[in-house]
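So you know, we letter chains A, B, ... as the sequences are listed, proteins then strands, and number each from 1.
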There are 2 protein chains.
Amino acid sequence: MSKLLLIDDDVELANMLKEFLTQEGFGVTTAHDGLTGEQYVLAGKFELVILDVMMPGQDGMQTLKNIRQHSDIPVLMLTAKDDNEGRIEGLEGGADDYVQKPCLPRELVARIRAILRRQNSDGPKGNDIVVGQLIVSGERRKVFWGDQPIVFTSTEFSLIEILAKHAGTIVSKEDLSIKALGRSLVKYDRSIDVHLSSIRQKISEASGGVNVIQTIYRVGYQLVRD
Amino acid sequence: MSKLLLIDDDVELANMLKEFLTQEGFGVTTAHDGLTGEQYVLAGKFELVILDVMMPGQDGMQTLKNIRQHSDIPVLMLTAKDDNEGRIEGLEGGADDYVQKPCLPRELVARIRAILRRQNSDGPKGNDIVVGQLIVSGERRKVFWGDQPIVFTSTEFSLIEILAKHAGTIVSKEDLSIKALGRSLVKYDRSIDVHLSSIRQKISEASGGVNVIQTIYRVGYQLVRD
DNA sequence: TAAAGTTTTCAAAGTATGTCAAAATTGTTA
DNA sequence: TAACAATTTTGACATACTTTGAAAACTTTA
């Protein structure tokens with residue numbers, strides 16, 4: 001039974017949907033304003049959020065942004081009938097889907113199931129970064145080569161995550177240092193190089209000798225698809 | 001550049017969308033009936049299919065089913081305005097999303113991007129530059145002559161990449177220096193020449209004596225289509 | 001055709017990175 | 001707080017890459 005969180009200020013509609021969704025076999029919790037919903041999300045335990053865009057107080061778009069700062073949980077937005085701008089904004093802000101209000105409950109269920117299918121299908125999860133055989137999971141803060149886990153220290157993970165996010169493009173050492181170590185690179189600073197050396201070694205071990213990290217002399221590094 | 005396949009019997013609409021999507025940086029191929037579309041999909045090379053539900057002959061839903069028997073390629077369906085049943089059927093049949101017809105091109109693009117984001121975490125590897133036998137892959141930062149890899153240092157790669165991007169036209173040494181080395185050319189600076197010399201040597205070795213780089217005296221270099 | 005300037009190529013010099021191991025730092029537990 | 005483990009940084013040396021200098025070959029112009 002998947003646990004859903006429904007955030008909608010319209011109490012009556014929310015209860016109706018809750019009833020329908022419960023019949024369909026979901027566990028449903030409701031919240032009637034954005035801030036409460038946000039706290040529920042952070043408390044964890046939900047697999048998907050259904051979020052109304054139009055709410056008094058903190059609206060859905062802001063709530064989505066706040067949720068996205070801490071969580072990769074799938075979010076399905078409920079939008080007003082012809083709010084095309086809102087849909088686009090929502091999708092670009094990290095929503096996984098939207099449904100027009102008022103909606104057919106059957107359609108809502110189909111979409112929920114579609115999202116959960118995507119999420120739970122084995123292999124990489126929704127927000128994992130996949131580059132060839134390499135899987136970097138921000139959510140779990142773990143790295144895999146195929147399905148074999150590779151153990152990284154936290155700095156190493158930060159570095160490979162940054163590289164993976166920009167796979168196929170060059171990331172400068174300065175950028176890596178600022179984002180992963182929180183400080184600017186100074187002369188004779190070898191930290192990045194040394195970390196990269198260990199990362200390479202671990203990936204090579206797990207993959208049987210593959211090197212997916214290219215050095216760009218005097219510039220930085222780049223993660224390549226093998 | 002992601003390659004899309006657009007399957008729609010409405011030739012005029014298809015061309016309009018193709019133009020818009022091309023402007024947005026996608027590579028678009030069109031097919032005007034389901035069977036042709038299917039064959040294109042199986043031929044591979046596409047990263048997403050945009051599929052009209054309503055088509056004479058084999059309709060979109062059947063096409064979707066056939067595609068799904070062989071391929072997991074993302075499919076975005078175009079549905080008639082109020083065809084709720086169709087949408088649900090499509091989603092359950094393995095479509096990744098749908099958009100109502102007629103649609104805002106912007107929305108279509110946002111949805112395409114959202115799907116590709118989910119799918120790939122980053123752009124596909126369609127960015128290779130092909131000049132005759134020479135293949136320059138920016139994402140992999142590798143160069144091939146036919147299918148034989150050529151090992152370049154990072155500056156060498158930058159240079160050949162720039163030349164390849166402008167294949168058939170002259171690139172000045174000043175440009176090459178700024179883009180590849182990050183500095184303006186100074187008098188008696190021989191770096192570019194020396195690098196080009198090594199590049200030529202390596203390509204010549206791999207290709208059995210072919211020289212694809214022309215010198216334009218006092219100006220720069222040009223990669224020629226052999 | 002000669003002179004001036006440019007490019008090709010080789011090798012040496014200068015600079016950056018790869019890697020190992022020791023030192024410093026951080027976090028944990030008795 | 002001390003002792004320990006884990007992690008990060010630093011120092012040192014080997015390796016790799018880029019730039020420079022110089023001689024020879026080439027192109028342009030007068």
Side-chain angles (χ1 to χ4, degrees), chain A residues 141-143 149-163 170-205 209-224, chain B residues 141-143 149-163 170-205 209-224:
Chain A
R141 220 172 162 75
K142 278 190 178 160
V143 177
I150 306 177
V151 179
F152 282 125
T153 68
S154 122
T155 303
E156 286 164 6
F157 180 86
S158 301
L159 287 168
I160 193 71
E161 187 184 29
I162 295 165
L163 289 174
I170 302 169
V171 185
S172 71
K173 280 168 74 159
E174 175 69 16
D175 264 26
L176 287 170
S177 181
I178 287 175
K179 288 181 183 157
L181 311 177
R183 59 182 157 82
S184 215
L185 209 59
V186 295
K187 227 180 174 187
Y188 306 122
D189 193 337
R190 314 300 322 290
S191 284
I192 297 293
D193 306 74
V194 175
H195 282 304
L196 263 294
S197 172
S198 326
I199 292 172
R200 272 181 176 140
Q201 206 170 303
K202 288 178 180 180
I203 293 180
S204 172
E205 237 167 61
V210 176
N211 176 24
V212 288
I213 297 173
Q214 294 247 338
T215 307
I216 293 86
Y217 197 86
R218 287 172 158 169
V219 182
Y221 295 88
Q222 169 175 342
L223 185 59
V224 298
Chain B
R141 222 175 161 75
K142 277 191 180 159
V143 177
I150 307 177
V151 179
F152 282 125
T153 69
S154 97
T155 301
E156 288 164 6
F157 180 87
S158 301
L159 287 167
I160 192 71
E161 187 184 30
I162 295 164
L163 289 174
I170 301 169
V171 185
S172 71
K173 280 168 74 159
E174 174 69 15
D175 263 26
L176 287 171
S177 180
I178 287 176
K179 288 180 184 158
L181 311 177
R183 58 184 157 82
S184 215
L185 210 58
V186 295
K187 230 182 172 186
Y188 306 121
D189 195 335
R190 320 254 11 94
S191 285
I192 297 294
D193 307 73
V194 174
H195 283 303
L196 263 295
S197 172
S198 327
I199 292 172
R200 272 180 175 142
Q201 203 172 305
K202 289 179 180 179
I203 292 180
S204 171
E205 234 167 65
V210 176
N211 177 23
V212 288
I213 298 173
Q214 292 228 335
T215 307
I216 292 86
Y217 194 84
R218 285 158 151 293
V219 182
Y221 296 89
Q222 170 175 349
L223 187 57
V224 296

Item checked: Residue pair Ile203(B) / Val210(B): nearest heavy atoms and the distance that separates them -> CG2-O, 4.1 Å
Next item on the list: Check each residue of residues 186-202 of chain B for a non-hydrogen atom within less than 4.0 Å of any atom in DNA chain D, then write out the ones that pass by number, or none.
Entry: Asp189(B), Arg190(B), Ser191(B), Val194(B), His195(B)
Check: To the nearest Å, how far apart are Ile216(A) CD1 and dC17(D) P?
Finding: 13 Å
Margin query: Checking side chain to side chain contact (heavy atoms under 4.5 Å, CB included) between Leu163(A) and each of Val212(A), Leu196(A), Val224(A), Ile199(A), which is the one that passes?
Written below: Leu196(A)
Margin query: If the cut-off is 4.0 Å, is Lys173(B) near the phosphate of dT6(C), judged by side-chain N/O to OP1 or OP2?
Written below: no
Next item on the list: Could you tell me whether the phosphate oxygens of dT18(D), OP1 or OP2, come under 4.0 Å of any side-chain nitrogen or oxygen in Thr155(B)?
Entry: yes
Note to self: Show the nearest heavy-atom pair for residues Ser191(A) and Leu181(A), with the distance to one decimal.
What the structure shows: CB-CD1, 4.1 Å
Margin query: Measure CD/Gln222(A) against P/dT17(C) and give the value in whole Å, please.
Written below: 16 Å
Next item on the list: Measure from CD1 on Ile213(A) to C1' on dT17(C) and round the result to the nearest Å.
Entry: 14 Å
Check: With a 3.5 Å cut-off and no angle check, do the side chains of Arg141(A) and Ser158(A) form a donor-acceptor pair?
Finding: yes
Next item on the list: Can you tell me the distance, in whole Å, between the CG atom of Leu185(B) and the C1' atom of dT7(C)?
Entry: 13 Å
Margin query: Let me confirm one number: the CG-NE2 distance from Leu159(B) to His195(B), rounded to the nearest 0.5 Å.
Written below: 6.5 Å
Margin query: With each end axis built from five pairs of C1' atoms, what bend angle do you get for the helix from dT1(C)-dA30(D) to dA30(C)-dT1(D)? Round to 10°.
Written below: 40°
Item checked: Minimal non-hydrogen separation, Ile213(A) against Arg200(A), with atom names -> O-NH2, 3.0 Å
Notebook entry, point to check: Given atom CG of Leu159(A) and atom P of dG18(C), what is their separation to the nearest angstrom?
Noted result: 13 Å
Next item on the list: Kindly say if Thr153(B) contacts the phosphate of dA16(D), meaning a side-chain N or O under 4.0 Å from OP1 or OP2.
Entry: no
Notebook entry, point to check: Do you see a donor-acceptor pair shorter than 3.5 Å between the side chains of Asp193(A) and Tyr221(A)?
Noted result: yes
Next item on the list: Give a yes or no on whether Lys142(A) atom NZ has more than 12 heavy-atom contacts from other residues, nucleotides or ligands under 6.0 Å away.
Entry: no
Note to self: Just the rounded figure in Å: distance from P of dC17(D) to CD of Gln214(A).
What the structure shows: 11 Å
Notebook entry, point to check: Do we see a donor-acceptor contact under 3.5 Å between the side chains of Ser184(B) and Glu174(B)?
Noted result: yes
Next item on the list: Pick base, sugar-phosphate or nothing for Tyr221(A), based on heavy-atom distances below 4.0 Å to the nucleic acid.
Entry: sugar-phosphate
Check: Taking only N and O in the side chain of Tyr217(B), is any of them less than 4.0 Å away from OP1 or OP2 of dA4(C)?
Finding: no
Check: For the pair made of CG in Asn211(B) and C1' in dT7(C), what is the distance, rounded to whole Å?
Finding: 13 Å
